[in-house]
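Accompanying notes for the structure given below.
Order of listing sets the numbers, starting from 1, for every ligand and every atom in it. Each residue takes its place number in the sequence, starting with 1. Computed from heavy atoms alone, side chains included, the values below leave out hydrogens, waters and symmetry copies.
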Amino acid sequence: MRVAMIGTGYVGLVSGACFADFGHVVTCVDKDASKIDRLHQNIMPIYEPGLDDLVEKNVKAERLFFTTEAKDAIADADAVFIAVGTPSRRGDGHADLSYVYAAAEEIAELMDGFTVVVTKSTVPVGTGDEVEEIIRKKRPDADFAVVSNPEFLREGAAIKDFKIPDRVVVGTDNEQAREVMRELYRPLFLNETPILFTARRTSELIKYAANAFLAVKITFINEMADLCEAVGANVQEVSRGNGVEGRIGKKFMHAGPGYGGSCFPKDTLALTKTANDHDSPVRIVDTVVEVNAARKKAMAKKVIAAMGGDVAGKTIGVLGLAFKQNTDDMRDAPSLDIVPALIEAGASIKAFDPEAMEEAKHLLDGVSYADNAYDAVEGANAMVILTEWDQFRALDLDRIKSELKDDVVVDLRNIYSPEDMAKRGFTYTSIGRPA
Ligand code: UDX
């Protein structure tokens, strides 16, 4: 089939490359000419493991194309995906849908023949109706259907999550559109991926419910971690002791400094807005938003306490800045709360992150950057781990000890074990586990 993908960000570029890898012919459209130029040189606008190879392979196979010109892409397409950003609006944190609406206007002008218009971006419940209205108003004659097809891609694992999803959700009541979507995802039938067809609004809500539930689950284990610290229990064992039960499940039960990223923070806010607009508040999610924001701020206090209560004039080696490992994404990263608070308290920060430092330089002031983990902790009074990069999991701890001026380690991702770190003579603080 022929696909037009509007937007070449985390969702659009991965989805476009994967659809091409399924054998479809995909044209990714973006208004940002420099981004399209870089893509023509196989330079990715984002860090996503395996994406450059996937793009290169499909461009070579002439199944994947990039352009700033939407015209041909949309006119020829059987399905046009809207995969543009839906950022949190400044001020009230609600989803900014201006890019979605603009894409709908453009599609209305250019589509030709029966066209399935797919909202791939995460959009509030009812957006599909608005997109349909925009197109219908401009093209009363047009033969089209607006379909919701949310993605469940995790940054850093996006290609795997696209190709081996737990489910594909398609929201439409148009049979012809269902046929097109079945055809698009046909390669997934091979591994019996369930394709769930629902009403459009249901599909839109499934997406928000998924992210909100995951945010609730993470925040729950984070609060259990605080309780563990208060009662002297071990949160990793609480997590393991419950995760083995099918009803609970072990994933997303790792206590940490609070969730960040481009999705959970914005999607929880957007869901609470939808709920409040319809006078059906989601109080659990409201509380999660509040608790998570407070947690990220509280983490700096935890570091300061671990360093004796005062960091004025001290140096801290920070390992990891991205909101999680395997990404360069700094959106709502805990480091954006923790690092400025430590600087505010008088500490000097030397940071290292394998991928996110370029991004961090635009967002963090007063931080010096290191070439590697050991360089970051050289002469520092403490080492603080903020992101669980694999390369931080097997550090030469003897070397770390020799580089550090004081033997303080604060591990906000529970990468190391308290027993082992105590044996090595570190003053070790982690999340929800007795020292
Ligand atoms: C998330 C959803 O997982 C994905 O399905 C959706 O499409 C987009 O949003 P992403 O934001 O890329 O994906 O990252 P994810 O791996 O879900 O982690 C989100 C946040 O939760 C990160 O800050 C991570 O550090 C944190 N997290 C995750 C925990 O603190 N503990 C966990 O056990 C898991």
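The closest approach between Arg413 and ligand 1 falls below 4.0 Å for a heavy atom of the residue. The closest approach between a heavy atom of Gly256 and any atom of ligand 1 is not below 4.0 Å. Heavy-atom separations between Lys207 and ligand 1 include at least one value shorter than 4.0 Å.
Put simply, the side chain of Arg63 never gets that close to the backbone of Asn58: no donor and acceptor are under 3.5 Å apart. Listed for the Asn222 side chain is a donor-acceptor partner under 3.5 Å among the backbone atoms of Gly256.
Taking only nitrogen or oxygen atoms, main chain and side chain alike, His254 reaches within less than 3.5 Å of ligand 1. Between Phe152 and ligand 1, at least one N/O pair is under 3.5 Å apart. Close N/O approach between Tyr259 and ligand 1 is not found [any backbone or side-chain N/O within under 3.5 Å]. Looking at ligand 1, you won't find any N or O of Ile218 less than 3.5 Å from one of its N or O atoms. Ligand 1 has no nitrogen or oxygen under 3.5 angstrom from a nitrogen or oxygen of Ser262.
Between Glu204 and Lys207 there is no salt bridge, since no side-chain N of the basic residue sits under 4.0 Å from a carboxylate O of the acidic one. Asp173 has no carboxylate O lying under 4.0 Å from a charged side-chain N of Arg200, or vice versa, which leaves the two without a salt bridge. For Glu403 and Arg399, the salt-bridge test passes: some basic side-chain N is under 4.0 Å from an acidic carboxylate O. Salt bridge annotation for Lys57-Asp53: absent, with no cationic side-chain nitrogen under 4.0 angstrom from a carboxylate oxygen.
Nearest non-hydrogen protein atom to atom 34 (C) of ligand 1 is Phe252 CD2, 3.7 Å. Protein heavy atom nearest atom 3 (O) of ligand 1, with residue, atom name and distance: Arg154 CG, 3.2 Å. For atom 23 (O) of ligand 1, the nearest non-hydrogen atom of the protein is Gly260 N, 2.9 Å.
One side chain, Tyr428 or Arg433, offers a donor N or O that lies under 3.5 Å from an acceptor on the other.
Of the listed residues (Phe264, Tyr10, Phe323), the one carrying the non-hydrogen atom nearest atom 2 (C) of ligand 1 is Phe264. Scanning Lys324, Glu155, Arg295 for the heavy atom closest to atom 14 (O) of ligand 1 points to Lys324.
Contact annotation: for Asn211 versus ligand 1, heavy atoms closer than 4.0 Å belong to the side chain alone. Looking at Lys251 against ligand 1, nothing comes within 4.0 Å, counting heavy atoms.
A cation-pi geometry, defined here as NZ or CZ lying under 6.0 Å from the six-membered ring centre and within 45° of its normal, does not hold between Lys350 and Tyr369. Under a cutoff of 6.0 Å and an axis angle of 45°, Arg167 and Phe152 form a cation-pi pair.
Atoms of ligand 1 found under 4.0 Å from any heavy atom of Leu153 (numbered from 1 in listed order, with element): 4 (C), 6 (C), 7 (O), 8 (C), 13 (O). Distances below 4.0 Å separate heavy atoms of Cys263 from the following atoms of ligand 1: 8 (C), 9 (O). Each of the following atoms of ligand 1 lies closer than 4.0 Å to a heavy atom of Glu151: 7 (O). Numbered from 1 in the order shown, with element, the atoms of ligand 1 that lie under 4.0 Å from a heavy atom of Met253 read 33 (O).
Ring geometry for Phe66 versus His40: interplanar angle over 60°, hence perpendicular rather than tilted (30 to 60°).
When the shell of 6.0 Å around CD of Glu344 is examined, it contains 12 or fewer heavy atoms from other residues, nucleotides or ligands.
Taking the six-membered ring for Trp and the full ring otherwise, Phe19 and Phe162 have centroids separated by under 6.0 Å.
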